[in-house]
Amino acid sequence: QLRENLEGVLKKLRGQGKITEANIQDTMREIRQTLLEADVNFTVARDFIQHVTEKALGVQVLKSITPGQQIIKIIHEELIHLLGEENVPLNLSGLPPTVIMLVGLQGSGKTTFAAKLARHLKEQGKRPLLVAADVYRPAAIDQLVRLGEHIDVPVYEQKGVTPAKICRQAMEKARQDNTNVVIVDTAGRLHIDEKMMNEVKELQNLLHPREILFIADGMIGQDAVTAARDFNDQLSVTGVVLTKMDGDTRGGAALSIKTVTGKPIKFISSGEKPEDLEAFHPARFADRILG
Amino acid sequence: FGKEIKINKNFLEQIEAFLYQSDFGITVTESLLRKIEEASRKLPITNYQDLSNILREEFRERFARNNPEIPIDSHKPFVLLVVGVNGSGKTTTLGKLAYFFAQQGKKSLIIAGDTYRAAAIEQLELWAQRAGADFIKNPDAKNPSGIIYEGVQKGLHDQTDLLLIDTAGRLHNKANLMEELRKIVRVIQKLIPDAPHESLLILDGTVGQNGIVQAREFGKILPLTGLVVTKLDGTAKGGVLTAIHEKMGLPVKFVGLGEKIDDLLPFDVDLYVDSLFG
Ligand SMILES: Nc1nc2c(ncn2[C@@H]2O[C@H](COP(=O)(O)OP(=O)(O)OP(=O)(O)O)[C@@H](O)[C@H]2O)c(=O)[nH]1
Ligand SMILES: Nc1nc2c(ncn2[C@@H]2O[C@H](COP(=O)(O)OP(=O)(O)OP(=O)(O)O)[C@@H](O)[C@H]2O)c(=O)[nH]1
Ligand SMILES: [Mg+2]
Ligand SMILES: [Mg+2]
């Protein structure tokens, strides 16, 4: 879609020897529009445009391609660069049991992702344990227990106690059972909810997770930046997961979240089933954002 | 005088950023900026209070015909359906609605129309208990048609005030799931031809421009009668509700302001404008 919009604008650039500020303006306006429609954060989009403009200016137009193609190439490369260049895998180093803790806003897909991750690790020969640490949402524990049954992965659960106690006892069980990866599902929470953020900070201190993954709904808009920044400031977030990417959202939140936290996007969730999990590939995602 | 203009330009840029970051999107932001610029020529805008006053006037105009009321006395039983994408807050909102109407002396039967997601029925059942509503479910159901039919039948028989129907989350680009939603509506209409009397799209308040696509696509499947925007107790402003209201004339009925049973507020445009600056 961006390419179609650019075609007309970039036709004007043909026959011009150099990319100048004047002839690049329309192009950059078009790009900014595309990024905003794709839910890239306003400030992130503005900085991106500025950066790409600087890169493109004064570039001697090669004989082999049109100036327009050259600009698209710069934009595409810059997007891939900002998204992280290449896939960063899960960090499972250190003495087992390795802990992976999942955090994020309400309804972003954490519980579902916990099961996906457990299944993925089981396929890789690991012995995972799921921990149901959401004591607030009605039937949240039942949900994870049910999902665990479907994929034949044990779930540590206990009703009527605090998340800290659940996690402590889960780690004991993990050590007893020779579990090598513990996946902790936590309640959805607002980054501005002090009490809930303190709870998850306490869990971090208790568990020393190798990975804290921020699970974000792929359809999230401008708030992606505020939420991600806050979670990242308050916790040692090590990675990001974008969910519901089987929808038709362009997922500009990916660029916003990566830019503002600097943390790698590790996985994409693309469906409701446990097998709907993919590694994040910056190049593929750049195409999606540009439409 | 030149300096005055410069200050104004910088302030306009700040306003532009503020509007975009509230998820108003390109079309609404540009039209709001034009209105603000016009207003500032008559009376200079120097601070956010001035801006707030202008926006309040503008939004009052845009939402002048917004009616957040749900006419629950117009039919008995009154059939209300909630639809929307995964995780938007449908089940929680349905529980809140049952409680909201219970405060008005209305008795509800909640129908467990999400037959797919793990523990969806258990989650809704807990909400029904909290709201003091009756509840009907079929834990062995492989699809929603049967239990929804059964529930509506029971509601007719018992002459319940309200039938509140929960549905599974579904992405609007999944043709089979949208077809299932059409089927749900047909099943209801077999028993009550002019139902559902209220079809609410439940929109996650953090959603970006995809919210407009959601409204449009769900609107193609069934005649939506209202919008509920959830999770506005966070930092998201839910700006897409403006574009949806303008493009589709869809009334904004409620906002969700938390996870407790009474965290549901009928939409009030003044409160909404205030919340933009909150
Ligand atoms: N289509 C689709 N649906 C998803 C995906 N991931 C999760 N879901 C659905 O999104 C909804 C919310 O998922 P949950 O796992 O309950 O989300 P959560 O973050 O645990 O929610 P809270 O615990 O309430 O904060 C469910 O209907 C899931 O089936 C995905 O990648 N694609
Ligand atoms: N902060 C806040 N959280 C909310 C609000 N409404 C719902 N939630 C939370 O959002 C999460 C998802 O809510 P659900 O009611 O399960 O959403 P759903 O649309 O039924 O989800 P699916 O059936 O899986 O598609 C839960 O953790 C709710 O507590 C709200 O207004 N504010
Ligand atoms: Mg959960
Ligand atoms: Mg639900």
Side-chain angles (χ1 to χ4, degrees), chain A residues 32-33 36-43 45-46 105-112 115 136-150 187-193 216-227 230 243-253 256 271-272, chain B residues 13 16-27 29 85-92 95 116-127 129-130 168-174 177 204-214 217 230-231 233-240 256 258-259:
Chain A
R32 191 185 92 132
Q33 198 104 337
L36 288 173
E37 283 168 354
D39 289 320
V40 174
N41 178 265
F42 179 77
T43 315
R46 189 188 54 201
L105 299 173
Q106 288 88 348
S108 60
K110 298 173 291 301
T111 305
T112 310
Y136 306 98
R137 171 172 152 157
I141 296 176
D142 295 334
Q143 184 186 4
L144 191 63
V145 167
R146 208 64 62 77
L147 291 173
E149 285 168 359
H150 286 174
R189 71 200 63 227
L190 294 176
H191 46 109
I192 54 172
D193 185 333
D217 189 322
M219 306 177 259
I220 193 171
Q222 300 284 312
D223 197 50
V225 151
T226 321
D230 249 354
T243 64
K244 307 175 200 172
M245 293 310 295
D246 44 325
D248 57 8
T249 182
R250 302 256 293 284
S256 308
E272 293 191 72
Chain B
E13 283 179 359
E16 183 190 32
F18 165 77
L19 292 174
Y20 270 117
Q21 296 186 359
S22 305
D23 280 314
F24 284 114
I26 297 178
T27 312
T29 295
V85 302
N86 307 72
S88 64
K90 299 175 291 301
T91 303
T92 306
Y116 298 125
R117 210 210 64 215
I121 295 175
E122 286 78 351
Q123 181 189 10
L124 187 60
E125 184 155 22
L126 281 160
W127 279 111
Q129 286 168 8
R130 287 178 185 179
R170 70 200 67 228
L171 293 181
H172 48 277
N173 59 329
K174 306 261 169 109
L177 297 180
D204 189 320
T206 64
V207 78
Q209 297 308 300
N210 193 255
I212 300 173
V213 182
Q214 291 175 27
E217 292 305 307
T230 63
K231 311 179 194 173
D233 46 318
T235 49
K237 309 294 183 188
V240 292
E259 301 188 75

For a quick test of reading the model, state the closest non-hydrogen atom pair linking [X] to [Y] and the distance between them.
| X | Y | result |
| --- | --- | --- |
| Gln106(A) | Lys231(B) | O-NZ, 3.0 Å |
| Leu36(A) | Gln209(B) | O-CG, 4.2 Å |
| Glu272(A) | Gly169(B) | OE2-O, 4.1 Å |
| Asp39(A) | Asn210(B) | OD2-N, 4.0 Å |
| Ala119(B) | Arg146(A) | N-NH1, 3.9 Å |
| Gly247(A) | Asn173(B) | C-ND2, 3.4 Å |

Distance in Å, Glu37(A) CD paired with Thr27(B) OG1, rounded so as to fall on 0.5 Å steps | 7.5 Å
Roughly how far, to the nearest 0.5 Å, is the OG1 atom of Thr112(A) from the CG atom of Asn86(B)?
-> 8.5 Å
Does any heavy atom of chain A fall under 4.5 Å from the side chain of [X], the backbone, both, or neither of them?
| X | answer |
| --- | --- |
| Glu125(B) | neither |
| Lys237(B) | neither |
| Val240(B) | neither |
| Gln21(B) | both |
| Val213(B) | side chain |

Top of [options] for chain B proximity - count of heavy-atom pairs under 4.5 angstrom:
| options | answer |
| --- | --- |
| Leu105(A), Asp246(A), Thr249(A) | Asp246(A) |
| Lys244(A), His150(A), Arg137(A) | Arg137(A) |
| Asp142(A), Ile220(A), Thr43(A) | Ile220(A) |

Evaluate the side-chain contact (heavy atoms from CB on, under 4.5 Å) criterion for residues Met219(A) and Leu171(B): first the C-alpha distance (whole Å), next the side-chain angles of each, then the deciding distance (0.1 Å), finally the verdict.
-> CA-CA 11 Å; Met219(A) 306 177 259; Leu171(B) 293 181; 4.1 Å; yes
Bottom line for Arg46(A): the part with an atom under 4.5 Å from chain B's heavy atoms is neither
Does some side-chain heavy atom of [Y] sit less than 4.5 Å from a side-chain heavy atom of [X]?
| X | Y | value |
| --- | --- | --- |
| Asp217(A) | Thr206(B) | no |
| Gln143(A) | Glu122(B) | no |
| His172(B) | Asp248(A) | yes |

Applying side-chain hydrogen bond (donor to acceptor under 3.5 Å, both in side chains), name anything that partners Glu16(B), two or more places apart in sequence or on another chain.
-> Arg32(A)
With sequence neighbours left out, what residues match Tyr116(B) under ring-ring contact (aromatic ring centres under 6.0 Å, His included)?
-> none
Of all of Asp23(B), Thr230(B), Leu126(B), which one pairs up most often with chain A through heavy atoms under 4.5 Å apart?
-> Asp23(B)
